[in-house]
Undergrad: 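There's a structure below that I have some questions on.
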Amino acid sequence: MEAKRPFARSTGVKRPPGIVALAAGLLALSLLLIVGACGVDRSAGGSADVRSTQVGISLEGAPWLDQSDGAPALEGVVPWPSLRFPAGMTYEDALTRLFEAARETGRTPEEAHLAPALPNEIVLVQSARPEDGIRLSLTAPWGWAGTSAVIRAPSFNLPGSLTPEDVRQRLDDANEAGEALPRGARIDVPGLLACQVLNDPPNSLPPCE
Amino acid sequence: MRVSRSLKVLTLLVGIVFAGVAPGVTPSALAGEVDCPVAHSGGYANCYSWTNPGSESARALSSGGLPYRFQLYRPSDGSRWGWWEWSDLNYHVLAITIAGSVTAQVDNRGPSNATYKVAMY
């Protein structure tokens with residue numbers, strides 16, 4: 001934020017017009033930036049939603065994260081917002097960043113923008129427009145499973161060529177270093193049902209069975 | 001008395017950090033693992049039980065056991081976590097801290113009987 005410039009006391013000396021013009025220009029620029037940052041999000045069923053540019057939110061209590069008493073069923077949770085990731089990021093990229101951010105900061109990734117909540121059964125929105133990034137549910141980013149639609153917690157994988165001792169050592173090392181993923185680990189990307197993925201423009205989704 | 005209270009506070013703080021708010025893997029000061037044979041198409045088999053795990057992992061030891069599903073079950077109150085389904089021979093690791101005795105279960109959905117390495121830390 002620019003420091004305020006103290007105005008000179010009135011001593012009969014006229015204020016340079018350039019300062020007034022500069023202040024007006026900065027105000028106009030600020031307004032343009034604020035208005036321009038708000039877009040219209042036409043995904044998720046075609047309804048017009050205002051895209052939020054809020055920096056991020058705490059993930060405390062997220063249903064895929066807080067499962068101390070078992071995996072919650074989708075229908076029993078209050079929907080969380082979704083996250084729109086930068087163009088070019090894949091579902092795996094987004095899950096990896098979300099997992100790392102959750103572990104390292106307890107908040108959503110900085111590069112992702114908050115967007116309105118998706119229908120609970122929708123995990124992922126993929127846009128036909130290359131400039132749009134994918135949109136990921138924060139209710140169930142790793143999807144949900146079974147007829148009870150219980151929300152999955154995250155998982156990651158390590159090469160099967162490692163010995164069990166190697167695995168334990170890498171887990172310990174990551175924990176000591178405060179790293180979300182151990183060396184050589186990749187986030188697990190669940191296979192999603194067709195009814196869990198929404199394409200933008202909206203497709204006609206098969207029912208979830 | 002003062003030392004005991006401090007220890008309780010420290011334990012509580014550690015528990016809060018790892019109680020699902022900050023996901024990650026807990027130190028494997030204690031760990032257990034087992035090779036668990038599971039018949040194909042037989043539904044979930046109880047493979048291994050552990051108390052107060054902070055991490056859980058599974059690995060199929062042969063391709064005949066692919067794909068497989070993995071879930072966790074707490075008999076004391078019937079709580080369940082998962083299922084996750086995997087189709088490779090990698091280790092798959094969860095970082096769910098669970099209080100109480102937890103049983104790891106595997107459902108072999110592959111074409112033949114197979115063995116799975118299941119561990120909890």
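Sequence lines set the chain letters: A, B, ... in the order given, protein chains first and strands last, and positions in each chain run from 1.
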Undergrad: List the steps, then state whether side chain to side chain contact (heavy atoms under 4.5 Å, CB included) holds for B:Trp84 with A:Asp188.
TA: CA-CA 10 Å; B:Trp84 297 263; A:Asp188 278 334; over 6 Å; no

Undergrad: For the candidates A:Leu162, A:Val150, A:Thr105, which exhibits the highest count of non-hydrogen atom pairs separated by less than 4.5 Å from chain B?
TA: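 The residue among A:Leu162, A:Val150, A:Thr105 with the greatest pair count is A:Leu162.
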
Undergrad: From B:Ser55 OG over to A:Arg168 CZ, what is the distance, rounded to the nearest 0.5 angstrom?
TA: 11.5 Å

Undergrad: Using the six-membered ring of B:Trp81, assess whether NZ or CZ of A:Arg152 lies under 6.0 Å from its centre and within 45 degrees of the ring axis.
TA: no

Undergrad: Please report the C-alpha distance between B:Tyr91 and A:Asn157 in whole Å, then the side-chain angles of each, then the deciding distance to 0.1 Å, and finally whether the side chain to side chain contact (heavy atoms under 4.5 Å, CB included) criterion is met.
TA: CA-CA 5 Å; B:Tyr91 292 90; A:Asn157 61 81; over 6 Å; no

Undergrad: Is there a side-chain contact between A:Gln67 and B:Ile98, using heavy atoms and a 4.5 Å cut-off?
TA: no

Undergrad: For B:Arg80 and A:Ala71, indicate whether the former's side chain and the latter's backbone hold a donor-acceptor pair under 3.5 Å.
TA: no

Undergrad: B:Trp86 versus A:Ser155: any side-chain heavy-atom pair under 4.5 Å?
TA: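 Sidechains of A:Ser155 and B:Trp86: in contact.
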
Undergrad: Kindly check if the number of other-residue, nucleotide or ligand heavy atoms within 6.0 Å of CD (A:Glu75) is above 12?
TA: no

Undergrad: Which bit of A:Pro164 comes within less than 4.5 Å of chain B, counting heavy atoms only: side chain, backbone, both or neither?
TA: both

Undergrad: Which is it for B:His92 and A:Leu158 under the side chain to side chain contact (heavy atoms under 4.5 Å, CB included) test, yes or no, and what are the steps along the way?
TA: CA-CA 7 Å; B:His92 292 273; A:Leu158 283 161; over 6 Å; no

Undergrad: Any idea which heavy atoms bring B:Ser79 and A:Asp69 closest together, and the distance?
TA: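 Distance-wise, the nearest heavy atoms are OG-O, 3.3 Å.
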
Undergrad: Would you mind checking which part of B:Arg74 comes under 4.5 Å of any heavy atom in chain A, side chain (CB onward), backbone (N, CA, C, O), both or neither?
TA: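 Answer is side chain: those atoms of B:Arg74 sit under 4.5 Å from chain A.
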
